[in-house]
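In what follows, chains are A, B, ... by sequence order, proteins preceding strands, each numbered from 1. When reading the values below, keep in mind they use all heavy atoms of this one structure, side chains included, and skip hydrogens, waters and symmetry mates.
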Amino acid sequence: MKKEQKYAPAKIEKKWQKKWAAAKIYKTKEGGKTGNKSSPQDKYYVLDMFPYPSGEGLHVGHPKGYIATDVVSRMKRMQGKNVLHPMGFDAFGLPAENYALKMKKNPMDLTAKNVKRFKDQLEILGFDYDWSREVNTTDPKYYKWTQWIFLQLFKKGLAYESFEPINWCPSCKTGLANEDIENGRCERCGTPVEKKPMRQWVLKITDYAERLLNDLDAKNNDGKPLLDWPESIKEAQRNWIGRSEGALIKFRFQGRTLEVEVFTTRPDTLFGVTYLVLAPEHKLVQELLADVENRKEVEEYVSKARLETEIERTDVKKEKTGVELKGIKAINPANNEEVPVWVADYVLADYGTGAVMAVPAHDERDWEFAKKFDLPIKDVVRHVWGNKLPNEEFRKSVCAIVRNKKDGKILLLKWKNGEKWISPVIGGVEDRESYEDAAVREVLEETGYKAKIVEPISFEIDSHFFATHKGIARHRTIKHFLLETNEDSHVGVSKKESEKHELFWTTLDDAISCITHSDNKIGLQGIKSGNYSYIGEGVLVNSGQFNGKNSEEVKKEITDFVGGKWVTKYKLRDWVFSRQRYWGEPIPIIHCGKCGVVPVPEKDLPVKLPKVKSYEPTGTGESPLAAIKNWVNVKCSKCKGPAKRETNTMPQWAGSSWYYLRYEDPKNAKKLVDPNKEKYWSPVDLYVGGAEHATRHLIYARFWHKFLYDIGVVSAIEPFKKLQNVGLIMGEDGRKMSKRFGNVVNPDDIVNAYGADTMRIYEMFMGPFDQQISWSTSSMVGARRFIERVWKLRKHTASEEGEAPTGRVDKILHKTIKKVTKDIDDLKFNTAVSSLMIAANELEKVKSISREQFEILLKLLAPFIPHVADELWTGFGNKRSIHVSGWPVCDEKLSAEEKVTIAVQVNGKTRGSFEALIDIPDDELKNKALSLPEIKKWIDGKVLKKTIVVKNKLVSLVASDLS
RNA sequence: GCCCGGGUGGCGGAAUUGGUAGACGCCACAGACUUAAAAUCUGUUGAUCCUUUGUUGGGUCGUGCCGGUUCGAUUCCGGCCCCGGGCACCA
């Protein structure tokens, strides 16, 4: 080794990348029976979400996840695992196609170029991918199997043609899946999505909803979760799948045989139904139309609703609209009451049955609708406060909220009874007096204000409580009212009343927070929200034989009573799988005039995507492929008669739904994956990628995997054992890195200026891996300094006959081995790097270290800074690369501390500390603590009341004054 | 609105069966080296008050806010506020 060789990353990095490639040290050994004999316990499959090679190129944020898997895979390899760490490209789909259209290039050529550029950019970072296993979703050898999976789905009835209206992006000119929509807009281009009826292929993902949901919480035999995934991703999937249980209940129509079925999660409120609502698209609307008195009005409403975009339609703030089907009445099966039937767009056609029973008293949306159209509101669930008490005295009472007409302030009473109560006007209802009269009378008596009732706010609520000031248990039935008054209507108040409480005016918000009893707040909360429906649980009233029962407990009983069915519904929709675009896998289907829909025989796969001159989307519901006559026109594979190919293509998410399996056996021409190899490698042990894939890629892949499991292609029920999210790297200005903001940092520039190793270790060090964080080039220099110090540390090594290794060095090293190993396993790279820095700092302080000791440090560093590590490693004369050497193992004996610092606290505050041998008895620690001068100072003249000793940690003394 | 994360110095962050808050790094400041600068090395670096001017020693406060449990709370409990994300007219 030359003595004063300077650290020059540019020189060593290229050199090592070539050497590694030449020596094939990262080539994965074959698994399974066909391969080596290593057992599945020795394998480790670590996977990145493969990139979508856009034309934009990389910024420093993109490789962060790849660096992490690289670190993990390198450690696992050194630990003797058979590591599979592959990389490939997801290149079909809208983004590439739109970009190609913009650039006026063929997407096929452009994709090849982008992939090349992407690979070059990845290569300079020194990753350990086994490129011999590279996959590309646009390669016919690959998409042959994507098409094959589609055929299997078709055979099982899980791929079907549908003519239902779907989401259509008028700008991208294609249909979209529910998952491709963000707040009513196309996720790609932001254009508001329209509903468009058209023929399309749909995958029945809803058949798997239950399993997709349940397996999120499944446990292994050892009680650990089957999916070691971030809770946020699991939660996002639960929300997306959106399971809810409820009842299907049939309503007959007055004077006809027709029935309508509604779905409700609240069959307990059935007696409170005051009208029925059908979605505008509901079939029955058309069927009933002939007998509807206001037919024209209804028709107009329905066609208007069809034209609305998703955004207009689902805007929560929008006022409710609807039209009554005049002359049509439905019959409530619970009490045979006739209720009107309405059409309104607040009912969604594609959830539940597209029809709902409206219970305005107990549903906010129905309440709003009923208020607007002046429909009756019938209370059937009574809100109850507190539990029934013995010997209750029953009272009907009112809670009168008085509002000042001028400034909207609310009148409250501050009670002088010593309990510090604050309440609105409350009082009992006299015999033969109405609630309304009582409210007005009480306000006048207690406050001296003449007030008028504006509206009742709630139905009766029940309150059970113990009136401490009177010493009796009470049961009140309370009704809240809103009244209005103005200051000049004050007529004075009796002395008796003014002794009881004083009056004050305050704002609505303030009133809600200062009222002392929550049963008196309900009215005010209703006024604040503008909605007086009660959606909580309670006791049934006005519900015939079910009166007095708890609403939660009575749900199934009422369902049975009316012959309803208890069912489970999901928000998850079937996966709209057709795209009317060029750049995707052709759907392997033939349409024959005689035979109908015919699957392409498996032996004819792949159905290759033909080269075309014009791949502009047509917007007609046909893809550009429809124009290629010699491709479209084929012989029917059944009857050999003239037929046409399906011209729709698959969505972007098709190829990525199974690619992880192909890495296990990338060249297999006969099978998607060899079962032995699949058994050996599956599942993926660690999967790293962005959280934005929570409800698309990760749901689709789980769905396909479960299907492949069902048809015996794969052996595990879930594809990805552990999932780790990578946090975005933002620009230095805290915004997303984007050309638009001019804050893009290019990895090539960073590597040129500082070296790949510096960029790698900095990205691992900058913060918790899964957290979003801003790039900081100035912070990164610390990483470069650290590498320089390690570089210099090599001079620190003693010559062969040098000094004997000290215990201190071994202790530092073995503690570091333990920490770094655990941290990498837990993907806490920032603290792993931090402990490596600490170790290097410590080693610098020591006079000299042995070669073996330095090599331990190098091995721990190797996953993070592979080039420097190998350069220094071979500098010591090692022949084989450090990356195929063994990972150090912590020797607990060497890493154990014999001395610890004991903290001493007096009355909970740390007042001193001392060094002590490990594990010495409590008594000795206590005595030593008491003898310290800085401690004596605090306990002199006091009585020691208690002593707490925590082994190897602290002594806590509790002392108090003598008196 | 519902659900899931999170809130710690000038900055990124560390510390979890409750036990010395601020590891590690950046920035900043001071010193060494240098004709000089850069680089490098050494040291200081939460706020505030007292003491010292023999240059140090010590007190109080401090992990979003308020309250509670405890000898002791960033950590546990109750109530709020703010930020990020998911879902949202899903009956």
Fill in: Centroid-centroid under 6.0 Å between Phe765(A) and Phe829(A) rings
no
Worksheet entry | Which nucleotide in rA91(B), rC4(B), rC71(B) has an atom nearest any side-chain atom of Ser956(A) | rC71(B)
Worksheet item: With nearest nucleotides of RNA chain B determined for Arg785(A) and Arg911(A) from heavy-atom distances, which residue corresponds to the more 5′ nucleotide?
Response: Arg785(A)
Worksheet item: Taking the side chain of Ile948(A) as its heavy atoms from C-beta onward, which of rC87(B), rA14(B), rG19(B) lies nearest to it?
Response: rG19(B)
Discussion item. As a test of reading the structure: which of rC87(B), rG13(B), rC3(B) is closest to the side chain of Trp240(A), going by heavy atoms?
Written reply: rC87(B)
Worksheet item: Any side-chain N or O of Lys937(A) under 4.0 Å from OP1/OP2 of rG57(B)?
Response: no
Fill in: Among Arg306(A), Lys195(A), Lys318(A), salt bridge (Lys or Arg N to Asp or Glu O under 4.0 Å) partner for Asp345(A)
Lys318(A)
Worksheet item: Paired with rC87(B): which nucleotide, if any, by Watson-Crick or G-U wobble criteria at under 3.5 Å for both distances?
Response: rG1(B)
Worksheet item: Quick one: which of rG59(B), rC26(B), rC71(B) gets closest to the side chain of Ser779(A)?
Response: rC26(B)
Worksheet entry | Lys571(A) to Tyr351(A) six-membered ring, cation-pi geometry met (6.0 Å, 45°) | no
Discussion item. Please report the distance separating the C1' of rU40(B) from the corresponding atom of rC50(B), rounded so that it comes out in whole Å.
Written reply: 40 Å
Worksheet entry | Selected nucleotide, minimal atom distance to Ile773(A) side chain, candidates rA14(B), rC71(B), rG12(B) | rG12(B)
Worksheet item: Which nucleotide in the list rC61(B), rC26(B), rC4(B) gets nearest to the side chain of Val781(A)?
Response: rC26(B)
Worksheet entry | Separation between the C1' atoms of rG54(B) and rU35(B), rounded to whole Å | 38 Å
